[in-house]
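Written out below as structure tokens is the structure these notes cover.
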Amino acid sequence: DIERTEIEFIAKTLGCKPAATVDSFTAEKLGHADLVEEVSTSEGKIVKITGVPDSRTVSVLIRGSNKLVLDEADRSLHDAFCVVRSLVKRQFLIPGGGAPETELSLQLGRWSKTLSGQHAYCVRAFAEAFEVVPVTLAENAGLHPINILTELRNRHASGEHSVGINVKKGTIT
């Protein structure tokens with residue numbers, strides 16, 4: 001059984017058109033797949049369609065021990081898909097690891113020194129707020145946040161505008 005909400009997606013993937021009745025089947029409404037099978041899982045059954053020519057469609061089956069794990073996996077996949085979609089739409093990329101936030105903090109801090117009064121104070125506070133990102137990233141990676149932030153600031157101040165925290169290596173790269 002295929003859910004009604006999935007019919008449009010499957011039709012687009014297979015290059016066919018939905019038919020409401022047997023009488024409305026025509027050759028131009030048909031699509032092609034090498035194999036359509038119903039696969040049993042511990043949760044129930046799923047319909048698996050493989051061998052679709054010229055298809056750029058992939059389904060991801062998420063399994064987990066509880067709803068919390070499933071929800072987190074779903075959010076992570078959604079975030080990853082959003083990144084891929086953004087890269088396809090606009091083919092450019094900015095550095096990660098807190099690099100943009102550190103650079104913004106540095107530039108805003110410099111600008112705040114040219115201001116006076118409340119404006120200087122507000123801009124400086126705004127600049128410091130950007131540093132929450134690399135500090136949190138360092139903490140979550142089990143690194144020493146003060147050392148990491150100090151090195152990140154120094155490297156950005158010396159002109160290395162794209163360096164950020166590499167959590168896999170535990171360093172600034």
Side-chain angles (χ1 to χ4, degrees), residues 1-105 126 129-149 152 162-173:
D1 290 331
I2 298 173
E3 296 292 325
R4 182 175 292 273
T5 56
E6 297 171 349
I7 298 277
E8 187 177 326
F9 172 74
I10 292 171
K12 185 177 179 181
T13 300
L14 294 175
C16 63
K17 294 195 172 26
T21 65
V22 176
D23 296 334
S24 65
F25 268 33
T26 59
E28 56 271 357
K29 287 188 176 181
L30 297 177
H32 176 80
D34 289 343
L35 179 65
V36 178
E37 63 182 323
E38 191 172 71
V39 179
S40 295
T41 67
S42 60
E43 302 293 316
K45 296 179 180 181
I46 59 170
V47 176
K48 182 179 174 183
I49 303 170
T50 57
V52 179
D54 301 324
S55 178
R56 297 177 0 190
T57 304
V58 175
S59 295
V60 179
L61 178 64
I62 303 173
R63 298 180 72 179
S65 58
N66 59 41
K67 184 158 176 36
L68 183 66
V69 171
L70 287 173
D71 289 344
E72 185 59 32
D74 184 47
R75 278 191 295 277
S76 295
L77 271 173
H78 180 268
D79 291 347
F81 290 148
C82 287
V83 168
V84 170
R85 183 184 68 219
S86 294
L87 284 173
V88 168
K89 283 184 174 181
R90 299 180 188 169
Q91 296 180 353
F92 63 88
L93 189 62
I94 63 170
E101 293 82 4
T102 303
E103 188 62 26
L104 276 168
S105 177
F126 189 58
F130 278 107
E131 292 181 344
V132 169
V133 173
V135 166
T136 304
L137 187 58
E139 286 174 346
N140 289 344
L143 305 173
H144 195 278
I146 294 171
N147 292 348
I148 292 290
L149 185 59
L152 205 50
S162 62
V163 295
I165 303 168
N166 184 334
V167 295
K168 288 185 178 181
K169 294 182 178 178
T171 61
I172 306 292
T173 56

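Just so you know, these numbers come straight off a predicted model, no measurement behind them. Residues take their numbers from the sequence shown, with the count starting at 1.
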Discussion item. The test is salt bridge (charged side-chain N to carboxylate O under 4.0 Å, His left out); show your working for Lys67 and Asp71 and say whether it passes.
Written reply: CA-CA 6 Å; Lys67 184 158 176 36; Asp71 289 344; 3.3 Å; yes
Worksheet item: Hey, mind stepping through Ile10 and Leu14 against side chain to side chain contact (heavy atoms under 4.5 Å, CB included) and telling me if it holds?
Response: CA-CA 6 Å; Ile10 292 171; Leu14 294 175; 3.7 Å; yes
Fill in: Residues Thr13, Ile49; criterion side chain to side chain contact (heavy atoms under 4.5 Å, CB included); working and verdict
CA-CA 10 Å; Thr13 300; Ile49 303 170; over 6 Å; no
Worksheet item: After noting the C-alpha distance and the side-chain angles of Val36 and Val47, does the key distance pass the side chain to side chain contact (heavy atoms under 4.5 Å, CB included) rule?
Response: CA-CA 7 Å; Val36 178; Val47 176; 4.0 Å; yes
Worksheet entry | CA sep, side-chain torsions, deciding dist, call: Thr57, Val52, side chain to side chain contact (heavy atoms under 4.5 Å, CB included) | CA-CA 9 Å; Thr57 304; Val52 179; over 6 Å; no
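Nearest approach of Val39 to Lys48, heavy atoms of both residues: CG2-CB, 4.0 Å. Nearest heavy-atom pair across Gly164 and Leu152 is CA-CD1, 3.8 Å. Closest heavy-atom contact between Cys16 and Gly31: CB-N, 3.4 Å. Closest approach of Pro134 and Glu101 over heavy atoms only: CD-CB, 4.2 Å. Residue His32 comes nearest to Gly51 through the heavy atom pair CD2-O, 4.1 Å, listed as atom of the first residue, atom of the second, then distance. Listed here is the closest heavy atom pair of Pro100 and Ile94: CG-CD1, 3.8 Å.
To the nearest 0.5 angstrom, Glu38 atom CD is 9.5 Å from Ile46 atom CD1. One distance of note links NZ of Lys17 with OG of Ser24; it measures 12.5 Å at 0.5 Å rounding.
Applying the side-chain contact (heavy atoms from CB on, under 4.5 Å) test to Leu35 and every residue at least two apart in sequence or in another chain returns Glu37, Thr50. For Glu103, the salt bridge (charged side-chain N to carboxylate O under 4.0 Å, His left out) criterion is met by no residue, not counting sequence neighbours. With sequence neighbours excluded, the residues satisfying side-chain contact (heavy atoms from CB on, under 4.5 Å) with Leu93 are Leu87. The salt bridge (charged side-chain N to carboxylate O under 4.0 Å, His left out) check on Glu139 picks up nothing, with sequence neighbours excluded. Partners of Ala138 under the side-chain contact (heavy atoms from CB on, under 4.5 Å) rule, at least two apart in sequence or in another chain, are Leu143, Pro145, Ile148, Ile165. Under the rule for a salt bridge (charged side-chain N to carboxylate O under 4.0 Å, His left out), Lys89 has no partner lying at least two apart in sequence or in another chain.
Heavy-atom contacts from other residues, nucleotides or ligands closer than 6.0 Å to NZ of Lys29 number more than 12. Taking a 6.0 Å sphere around CZ of Arg75, one finds it holds more than 12 heavy atoms contributed by other residues, nucleotides or ligands. A 6.0 Å sphere centred on CZ of Phe126 holds no more than 12 heavy atoms belonging to other residues, nucleotides or ligands.
In this structure, the side chains of Val167 and Leu137 come closer than 4.5 Å at one or more pairs of heavy atoms. In this structure the side chain of Ser86 never reaches within 4.5 angstrom of the side chain of Phe92, judged on heavy atoms. Residues Val60 and Ile62 are in side-chain contact: their nearest non-hydrogen atoms beyond the backbone lie under 4.5 Å apart.
Side chains of Arg63 and Thr41: a donor-acceptor N/O pair is absent below 3.5 angstrom, by distance only.
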